[in-house]
Protein chains: 2
Amino acid sequence: SVNPDLASERQTASFSVEKLTALLDGGAEQTRIRRAVVEAIESDPVFSRENQYFQTQNERYEAAVRKAVHLQKKMHEMGWTENGPEYKYIYRALSGDVAFLLHRVFMRSISVLGSDKQIAKWIPPATKHQLIGSYAQTELGHGTYLQGLETTAVFDIATQEFILNTPKISAMKWWPGDMGRSATHTVVFAQLYIHGKCYGIHPFIVQIRSLQDHSLCPGITAGDIGPKMNFEHIDNGYLMLKNVRIPRDNMLSKFCEVRPDGTYVRQGSQKINYFTMTTVRISLISDEVLTPLMKACTIAIRYSAVRRQSKLKPGEQEAKILDYQTQQEKLLPQLAAAYAFHFINDYLQELFDRGYREIQRKNFDMLPELHALSSGFKAVITHHCTAAVEICLRACGGHGYSLLSGLPSLYTKILASCIYEGENTILLLQTARFLIKCFMAASAGQPVPPSVTYLAAVKPGKCPAKNKLDFLRPDIYTEAYQHVAVRLISSTATKLQDLIQSGVKKYDAWNQCTVQLVQAAKAHCHYITVKNFAATVEKLETKAGIQRIMKHLCDLFALHGIFSNTGAFLHDGYVSAAQMDMVTASYLDLLAVIRKDAVPLVDAFDFTDKNLNSALGSYDGQVYERLYEWAQKSPTNKMSPAYERYLKPLLHNTLSKL
Amino acid sequence: SVNPDLASERQTASFSVEKLTALLDGGAEQTRIRRAVVEAIESDPVFSRENQYFQTQNERYEAAVRKAVHLQKKMHEMGWTENGPEYKYIYRALSGDVAFLLHRVFMRSISVLGSDKQIAKWIPPATKHQLIGSYAQTELGHGTYLQGLETTAVFDIATQEFILNTPKISAMKWWPGDMGRSATHTVVFAQLYIHGKCYGIHPFIVQIRSLQDHSLCPGITAGDIGPKMNFEHIDNGYLMLKNVRIPRDNMLSKFCEVRPDGTYVRQGSQKINYFTMTTVRISLISDEVLTPLMKACTIAIRYSAVRRQSKLKPGEQEAKILDYQTQQEKLLPQLAAAYAFHFINDYLQELFDRGYREIQRKNFDMLPELHALSSGFKAVITHHCTAAVEICLRACGGHGYSLLSGLPSLYTKILASCIYEGENTILLLQTARFLIKCFMAASAGQPVPPSVTYLAAVKPGKCPAKNKLDFLRPDIYTEAYQHVAVRLISSTATKLQDLIQSGVKKYDAWNQCTVQLVQAAKAHCHYITVKNFAATVEKLETKAGIQRIMKHLCDLFALHGIFSNTGAFLHDGYVSAAQMDMVTASYLDLLAVIRKDAVPLVDAFDFTDKNLNSALGSYDGQVYERLYEWAQKSPTNKMSPAYERYLKPLLHNTLSKL
């Protein structure tokens with residue numbers, strides 16, 4: 001039975017939840033396919049996550065391997081293929097709690113970086129899991145700065161082999177998933193040396209464990225890097241190589257080859273390869289960032305609709321905490337952000353599909369823009385969503401702090417997305433470099449890529465809003481965001497030039513501007529997100545109340561961004577103090593409006609209870625019953641040796657006899 | 001051997017680290033006592049935290065009980081007493097990783113709330129640990145709103161007993177520490193009923209487990225609430241009561257008593273009791289909030305001095321990440337905050353000591369101000385420091401994400417401080433209520449408490465700074481903070497009055513202002529923190545370079561606050577856009593200045609390697625060696641059954657035979 005406090009929230013929905021779900025899925029047919037996958041996965045006990053919060057790192061790893069193996073069977077049974085429409089829903093249905101994810105990266109790198117011969121040799125056994133691969137790039141001493149990697153691969157012309165070494169402790173490979181305990185092979189990135197000359201980083205296939213008994217191969221030291229904040233199910237590993245010899249054929253050689261005589265040959269264009277690395281940053285947004293945020297919003301908002309605490313009106317019953325303005329102000333902007341980033345993700349996916357088609361036609365013109373967008377948006381979205389999940393967690397008070405709420409593991413997992421696939425600050429600075437370059441070009445009247453043409457059309461002016469309702473006009477707030485982005489980019493460009501002209505070395509000047517460059521890159525991405533949200537709302541069909549509620553969320557996302565960062569808009573007087581008070585008024589008004597649809601808006605994300613795995617967030621809102629039921633299953637409710645060993649002697653005053 | 005990159009940082013310290021340590025400790029003698037305690041604790045293997053990151057919740061609990069029992073012996077051995085000067089250092093030396101902390105709260109509540117007879121009966125056996133107590137206040141359904149507690153205690157005149165019940169699932173006690181598995185007794189807070197009339201919340205001593213065999217007493221259901229984000233070592237518990245009868249004498253009766261005939265008698269003033277609850281919020285700041293932040297700063301800054309990544313100048317070796325402006329901008333403001341909050345904590349401690357003396361003289365005038373300060377500062381400091389620890393964690397990239405860095409557990413533990421002892425938003429609103437009241441009083445020319453007299457002296461004016469150096473003048477920035485606090489408090493008071501005058505009900509008007517009230521309360525605390533830091537620096541002795549470096553940190557703390565919240569200062573033009581650019585310039589300049597002393601500034605916190613328990617933060621900076629050494633000890637590096645069960649059949653293609 002559904003908690004009446006939650007049931008009543010659903011009765012007053014101003015829009016069709018089912019229609020919104022279909023919109024998010026990209027059509028009702030997609031919704032149907034997704035639900036069928038979820039049903040198949042969740043009805044299979046092997047994929048259960050029921051005891052997850054009670055398991056040790058070892059147990060989580062074992063379960064993940066078991067699931068990965070079982071998934072092979074399941075896919076065969078169900079007729080699912082890796083290229084089928086179901087595939088993207090499987091990972092979501094498993095909540096990513098499965099092993100051999102790096103095996104897929106291993107295969108992809110061979111497909112992209114390997115010669116036809118290498119693909120023919122390695123892909124079939126890998127597909128059949130006759131070997132398990134990993135991807136060994138990051139080292140103890142180097143992550144984002146790939147040129148600094150210290151692992152070496154020296155070509156031995158006499159034996160036609162490469163000799164691989166991790167010559168110092170900082171060169172040890174560190175972090176590769178599936179490598180700590182599972183993998184038999186890995187792609188190792190190493191500095192290639194021929195006749196004493198370094199040719200830079202190249203990929204090599206190295207066997208690390210016996211296919212017979214899984215023992216480590218000669219010269220290999222490998223193991224698990226131990227406990228992390230999350231990803232207990234993954235055996236992130238370390239790897240040391242001591243004079244490990246591999247045949248010449250094991251260097252992936254689509255783009256570069258070492259001939260038998262030691263001649264180094266570059267062939268073809270690596271640009272498509274760089275493009276692949278760029279797209280990974282976009283492809284992670286949906287599964288690793290948006291889904292966790294949507295889950296966190298679902299949990300926190302449903303909980304806030306059933307949790308009653310303190311009185312809003314004297315004499316009445318205690319109020320739902322969702323009725324407090326402060327609670328709305330915590331949660332509803334995060335909900336709006338989930339939608340805003342969902343739509344910008346659609347935009348980016350489409351842009352990258354277009355980019356891919358162009359690149360296949362050997363047109364590489366879009367590459368700099370795509371690189372800048374993928375870097376900036378990866379950083380902005382992961383940062384924003386991580387902060388949002390944390391807000392959801394804190395907004396649930398003590399119960400949010402329990403692992404049983406599901407919120408802590410959502411937080412600790414999404415946090416990693418700020419670090420992997422490029423550390424966020426570094427990425428934002430790459431976007432900033434692109435923006436500065438484009439700004440200079442635009443100022444000189446040169447053409448610039450479409451996403452930055454606005455830099456050429458700098459209008460001084462002031463915000464024309466006359467009352468608080470004007471701030472619900474997308475043209476008004478989009479213009480304000482654009483103005484701030486232009487101002488931050490242009491002022492930082494000016495500072496940079498001034499420093500250089502005053503004699504500061506270029507690299508020093510850059511370093512002295514980096515704090516502001518990061519701000520400028522963020523402002524650029526924020527502007528595009530708002531503009532895209534507004535444009536998306538514009539195109540929605542007006543029926544079923546969808547467009548109306550999406551318009552409210554778009555307004556909220558935009559005004560929350562201004563309200564939280566007023567200085568950027570006030571700085572040059574583009575928005576006046578009086579106008580900022582209008583922003584605040586409209587923003588606070590919107591909270592009360594959206595609050596009415598808050599539960600339907602999270603229902604539309606369509607998570608099953610099993611997928612949410614949260615005692616606070618279930619569809620029926622029976623929060624306290626579930627917390628108690630789940631707590632009783634905790635291993636901490638079994639007898640502890642601590643009683644006989646320590647408590648009893650203490651209580652019986654016989655400690656001294658110990 | 002110390003990593004040369006770290007050693008070089010120490011050679012150029014501009015001040016005496018030892019002198020600064022003594023300043024932080026409150027004198028060189030205190031430093032000596034602290035170090036002696038640390039030495040005694042750390043040389044005792046029972047107190048080791050070496051394997052902490054590898055342990056399960058059960059193992060952590062058992063270790064904490066073992067340590068608590070051993071601590072009794074140790075204190076006796078060392079001649080340490082609970083009232084001695086060593087006591088406060090013991091908890092810090094143990095990093096709080098010990099059981100029976102709620103036993104102390106149990107004893108304190110009896111001492112404060114119990115009659116002399118009750119104290120005489122319960123305190124001696126509790127002191128000897130012939131019973132173990134807990135403190136059962138929070139319920140599944142109620143935390144901060146105590147009046148809403150649902151547990152009942154009905155007086156049965158016939159048997160002279162109270163009958164205790166948790167009548168619904170939401171009434172179940174939930175969270176009390178030491179209660180899940182250890183406690184034999186607890187103080188239960190329940191609604192007192194006599195002859196069907198409710199007299200509100202009162203405290204009762206209830207035995208929950210047998211002193212003989214630890215089995216649950218009749219009518220008692222109790223256990224552990226399961227996994228949490230941290231505090232694995234504590235058995236936070238649940239408790240249901242079904243017609244549990246306790247003698248009349250078990251109601252703690254210093255302030256209220258139920259006579260044998262059922263007459264309810266109030267006696268004495270409860271004000272001193274409220275004061276006790278208020279002081280708890282202040283007393284947690286040092287151990288639970290500042291120490292973790294200081295540890296996080298130590299770890300992140302030492303790591304940033306030995307981690308080299310990418311090149312700052314072309315052709316040179318890779319740069320220490322601490323040399324990047326963006327890294328400085330992440331870490332150094334957190335370091336400044338640690339010092340700022342250390343000094344405001346000194347100020348608050350002193351104020352509360354004075355308050356205590358006044359209250360003992362039956363002068364309760366300071367109570368509202370103390371309550372407002374303790375609420376506001378608890379919220380502001382826990383919030384700020386939690387965010388700061390998270391920044392430190394993220395600033396260490398992937399290695400910060402490993403539990404071995406120590407940062408994840410610092411973060412997950414400090415996060416709880418935002419929730420316990422009063423949820424932060426609720427607390428800030430209590431401070432805001434006080435501020436609004438004082439502002440109205442001040443406006444009407446009535447006297448107000450010392451900390452808010454500034455509300456009476458509202459000067460319109462503008463910030464007088466003429467160049468960036470002016471923003472290094474404490475009078476300039478303190479005045480700016482004061483101006484913002486006054487503006488936010490007065491504008492919210494005006495909005496509140498306007499709403500009420502326009503016919504909105506008082507409680508609705510309050511709710512509609514809460515987002516802004518929270519901002520006002522934060523601004524008030526921020527202002528006092530800056531003012532106090534500046535005043536503290538003023539009084540420091542000028543020798544040994546201490547005052548100079550503290551002045552820099554004070555400036556940084558103040559300017560970082562403006563830089564991160566520019567809108568508040570720009571809003572009414574108190575600070576102009578041109579002046580804000582000066583703030584930015586001075587702020588960024590300061591980063592480069594303080595960076596030179598960053599390592600000595602964290603060395604002064606004087607944490608031992610064992611106390612830090614971080615592979616990244618050790619004094620010698622041998623980061624990679626330690627990560628590798630520690631990872632090898634992980635239980636995930638033992639043989640896993642996953643190989644025989646799943647991997648081998650998969651690799652040998654014999655899965656179908658399973």
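Everything numeric in this text was worked out from a predicted model, so none of it was measured. Sequence lines set the chain letters: A, B, ... in the order given, protein chains first and strands last, and positions in each chain run from 1.
- For B:Tyr238, the part lying near chain A is the side chain, with the backbone staying farther off; criterion is any non-hydrogen pair under 4.5 Å.
- In terms of heavy-atom pairs under 4.5 angstrom with chain A, the leader among B:Ser564, B:Gly180, B:Cys418, B:Pro641 is B:Pro641.
- Using a 4.5 Å cut-off between heavy atoms, B:Arg308 contacts chain A through its backbone alone, with no side-chain atom that close.
- Only the side chain of B:Tyr411 comes within contact range of chain A, judged by heavy atoms closer than 4.5 Å.
- Using a 4.5 Å cut-off between heavy atoms, B:Ile426 makes no contact with chain A at all.
- Checked by atom type and distance alone, the side chain of A:Arg66 never pairs as donor or acceptor with a backbone atom of B:Tyr646 at under 3.5 Å.
- Of the atoms belonging to B:Glu644, not a single heavy atom falls under 4.5 Å from chain A.
- Both the backbone and the side chain of A:Tyr628 come within contact range of chain B, judged by heavy atoms closer than 4.5 Å.
- Proximity to chain A (any heavy atom under 4.5 Å) is shown, for B:Tyr401, by both the backbone and the side chain.
- Interface remark: B:Ser405 contributes no atoms to any contact with chain A (heavy atom separation under 4.5 Å).
- Counting heavy atoms from C-beta on, the side chains of B:Thr514 and A:Glu329 never come closer than 4.5 Å.
- Between the side chain of B:Asn637 and the backbone N or O of A:Gly223 there is no donor-acceptor pair closer than 3.5 Å.
- Only the side chain of B:Lys495 comes within contact range of chain A, with heavy atoms under 4.5 Å apart.
- B:Tyr587 does not touch chain A: none of its heavy atoms, backbone or side chain, sits under 4.5 Å away.
- Interface remark: B:Asn230 contributes backbone and side-chain atoms alike to the contact with chain A (heavy atom separation under 4.5 Å).
- Annotation: side chain of B:Phe54 is not in contact with side chain of A:Thr56 (no heavy-atom distance under 4.5 Å).
- Using a 4.5 Å cut-off between heavy atoms, B:Ala568 contacts chain A through its backbone alone, with no side-chain atom that close.
- Using a 4.5 Å cut-off on side-chain heavy atoms (C-beta onward), B:Leu647 and A:Ser182 make contact.
- For a residue to count as touching a neighbouring chain, one of its non-hydrogen atoms must lie under 4.5 Å from one of that chain's; by this rule B:Ile419 touches chain A with the side chain only.
- Of the two parts of A:Ser491, neither the backbone nor the side chain holds a non-hydrogen atom closer than 4.5 Å to a non-hydrogen atom of chain B.
- B:Gln325 contributes a side-chain N or O that, together with a main-chain N or O of A:Val515, makes up a donor-acceptor pair within less than 3.5 Å.
- Inspection of the B:Gln309 and A:Thr144 side chains reveals no N or O donor paired with an N or O acceptor under 3.5 Å.
- Looking at A:Asn511 and B:Tyr324, their side chains come closer than 4.5 Å, going by heavy atoms from C-beta outward.
- When side chains are defined from C-beta on, A:Trp174 counts as touching B:Leu627, because their heavy atoms get closer than 4.5 Å.
- In this structure, the portion of A:Met639 lying under 4.5 Å from any heavy atom of chain B is its backbone and not its side chain.
- Side-chain contact check for B:Ser634 versus A:Pro227: some heavy-atom pair is nearer than 4.5 Å.
- The contact between B:Glu62 and chain A is made by backbone and side chain atoms together, counting heavy-atom distances below 4.5 Å.
- Residue contact with chain A, scored on non-hydrogen atoms closer than 4.5 Å, involves the backbone and the side chain of B:Thr636 alike.
- At a cut-off of 3.5 Å, with distance as the only test, no side-chain donor of A:His129 or B:Asn653 sits close to an acceptor on the other residue.
- The backbone N or O of A:Gln212 sits less than 3.5 Å from a side-chain atom of B:His652, completing a donor-acceptor pair.
- Between A:Glu423 and B:Lys330 a salt bridge is recorded (basic side-chain N to carboxylate O distance below 4.0 Å).
- Using cut-offs of 30° and 60° for the angle between ring planes, the A:His214 and B:Tyr643 rings count as parallel.
- Using a 4.5 Å heavy-atom cutoff, the side chains of B:Gln57 and A:Pro635 are not in contact.
- When each of A:Ala416, A:Gly148, A:Ala387 is checked for heavy-atom pairs under 4.5 Å with chain B, A:Ala416 comes out on top.
- Of all non-hydrogen atoms in A:Leu404 and B:Ile225, the two that sit nearest each other are CD1-O, 3.9 Å.
- A heavy-atom distance below 4.5 Å is not found between the side chains of B:Arg645 and A:Val65.
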